[in-house]
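Here the structure comes first, spelled out in structure tokens, and everything after it is commentary.
Labels below follow one simple rule: chain letters A, B, ... track the order of the sequence lines, proteins then strands, and each chain is numbered from 1.
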Amino acid sequence: GAVVSQHPSWVICKSGTSVKIECRSLDFQATTMFWYRQFPKQSLMLMATSNEGSKATYEQGVEKDKFLINHASLTLSTLTVTSAHPEDSSFYICSARDPLGNSPLHFGNGTRLTVT
Amino acid sequence: QKEVEQDPGPLSVPEGAIVSLNCTYSNSAFQYFMWYRQYSRKGPELLMYTYSSGNKEDGRFTAQVDKSSKYISLFIRDSQPSDSATYLCAMGTSNTGKLIFGQGTTLQVKP
């Protein structure tokens with residue numbers, strides 16, 4: 001079945017630094033990937049839609065200059081949290097859908113970001 | 001009012017019990033309905049996927065969608081301790097992948 005890989009699985013960084021998270025589709029080409037954020041004991045909230053070869057689409061309230069998304073190939077999307085602050089500490093999860101057929105979204109295993 | 005409502009629980013049941021998990025929603029345009037299972041510190045794992053109304057069964061899991069009532073359910077038969085996790089309902093208006101999630105219900109199955 002479809003597999004989505006996310007790296008790293010956890011990261012700790014200092015305030016003011018930037019962190020890059022990678023999301024790869026392992027056995028299919030994904031023209032579109034999605035980035036979600038999940039705070040403790042809360043549900044997943046869509047942050048942005050990553051489109052291969054074009055600009056990402058951000059949800060209302062998500063700062064595009066803070067959360068930089070790059071989707072340079074059909075199997076890789078990256079999310080960079082710039083100038084991270086403690087309030088950015090969260091669980092970031094990417095997802096993708098195999099465009100062939102009518103398959104649903106599959107999710108990566110998430111990246112736990114802690115900003116100190 | 002949230003677009004998708006889900007009781008966060010926690011729900012505690014003995015091993016072997018039948019578990020019923022539910023979500024209600026307000027957007028009548030939702031056509032795609034999913035149930036995901038999420039273990040602590042892991043990404044969501046797809047359990048069931050249903051398009052429009054009806055029932056779908058897969059092993060011990062049965063998903064039901066009642067669009068007239070804007071209500072979806074997930075039933076787990078013969079529950080096992082390994083079923084202990086958070087169960088998230090999710091739904092969307094198209095198959096583009098943009099989903100709205102419920103809050104998730106934490107389930108504990110006691111041996």
Side-chain angles (χ1 to χ4, degrees), chain A residues 1-11 21 23-25 28 30-52 56-60 77 90-114, chain B residues 2-11 21-25 27 30-52 56 58 61 63 65 72 74 85-108:
Chain A
V3 178
V4 176
S5 174
Q6 200 171 330
H7 178 81
S9 57
W10 61 270
V11 59
I21 303 169
C23 180
R24 294 180 186 274
S25 56
F28 63 96
T31 54
T32 304
M33 292 185 176
F34 303 88
W35 287 95
Y36 287 82
R37 180 168 53 183
Q38 186 178 32
F39 290 106
K41 299 193 182 299
Q42 295 188 26
S43 191
L44 283 75
M45 298 296 292
L46 180 65
M47 297 175 66
T49 302
S50 171
N51 304 298
E52 188 269 335
T57 306
Y58 290 82
E59 296 299 303
Q60 191 174 9
S77 173
S90 186
F91 195 47
Y92 293 86
I93 313 173
C94 71
S95 66
R97 184 180 72 86
D98 187 343
L100 299 178
N102 203 28
S103 62
L105 271 186
H106 289 270
F107 285 82
N109 257 333
T111 298
R112 185 161 300 280
L113 170 64
T114 301
Chain B
K2 295 179 183 178
E3 273 194 288
V4 179
E5 298 273 3
Q6 184 177 8
D7 186 341
L11 179 63
L21 304 167
N22 313 293
C23 287
T24 59
Y25 62 94
N27 189 345
F30 286 146
Q31 295 269 35
Y32 297 85
F33 304 91
M34 294 85 164
W35 285 96
Y36 288 87
R37 177 174 61 194
Q38 187 177 27
Y39 293 109
S40 181
R41 300 178 182 273
K42 297 290 186 182
E45 170 194 8
L46 179 68
L47 283 178
M48 300 290 282
Y49 169 54
T50 308
Y51 170 70
S52 193
K56 188 172 185 178
D58 184 2
F61 298 92
V65 175
I72 69 171
L74 177 71
T86 297
Y87 290 80
L88 297 150
C89 64
M91 46 198 81
T93 58
S94 69
N95 204 17
T96 60
K98 192 170 177 177
L99 298 178
I100 307 298
F101 281 81
Q103 189 176 348
T105 299
T106 299
L107 170 67
Q108 184 179 21

*Go through the atoms of Ile93(A) and report whether side chain, backbone, both or neither lie under 4.5 Å from a heavy atom of chain B.*
side chain
_Distance flag, aromatic centroids of Phe107(A) and Phe101(B), threshold under 6.0 Å_ = yes
*List the atom of Gln103(B), the atom of Lys41(A), and the distance in Å for their closest heavy-atom pair.*
NE2-O, 3.9 Å
*asked:* Tell me every residue that passes side chain to side chain contact (heavy atoms under 4.5 Å, CB included) with Arg37(B), counting only those two or more places apart in sequence or in another chain.
replied: Tyr39(B), Glu45(B), Leu47(B), Phe61(B), Asp83(B), Ala85(B), Tyr87(B)
*Heavy-atom contact with chain B under 4.5 Å, split by part of Gln6(A)*: neither
_Using every non-hydrogen atom in the two residues, find where Lys42(B) and Phe91(A) come nearest and quote the distance to one decimal._
O-CE2, 3.4 Å
_If I take atom CG from residue Leu99(B) and atom OG from residue Ser43(A), how far apart are they, to the nearest 0.5 angstrom?_
10.5 Å
*Write down the atom of Leu88(B), the atom of Leu44(A), and the distance for their closest heavy-atom approach.*
CD1-CD1, 3.8 Å
*Which bit of Gln6(B) is near chain A, if near means a heavy-atom gap under 4.5 Å: side chain, backbone, both or neither?*
neither
_Going by the rule side chain to side chain contact (heavy atoms under 4.5 Å, CB included), which residues pair with Gln42(A) if we only count those two or more places apart in sequence or in a different chain?_
Phe39(A)
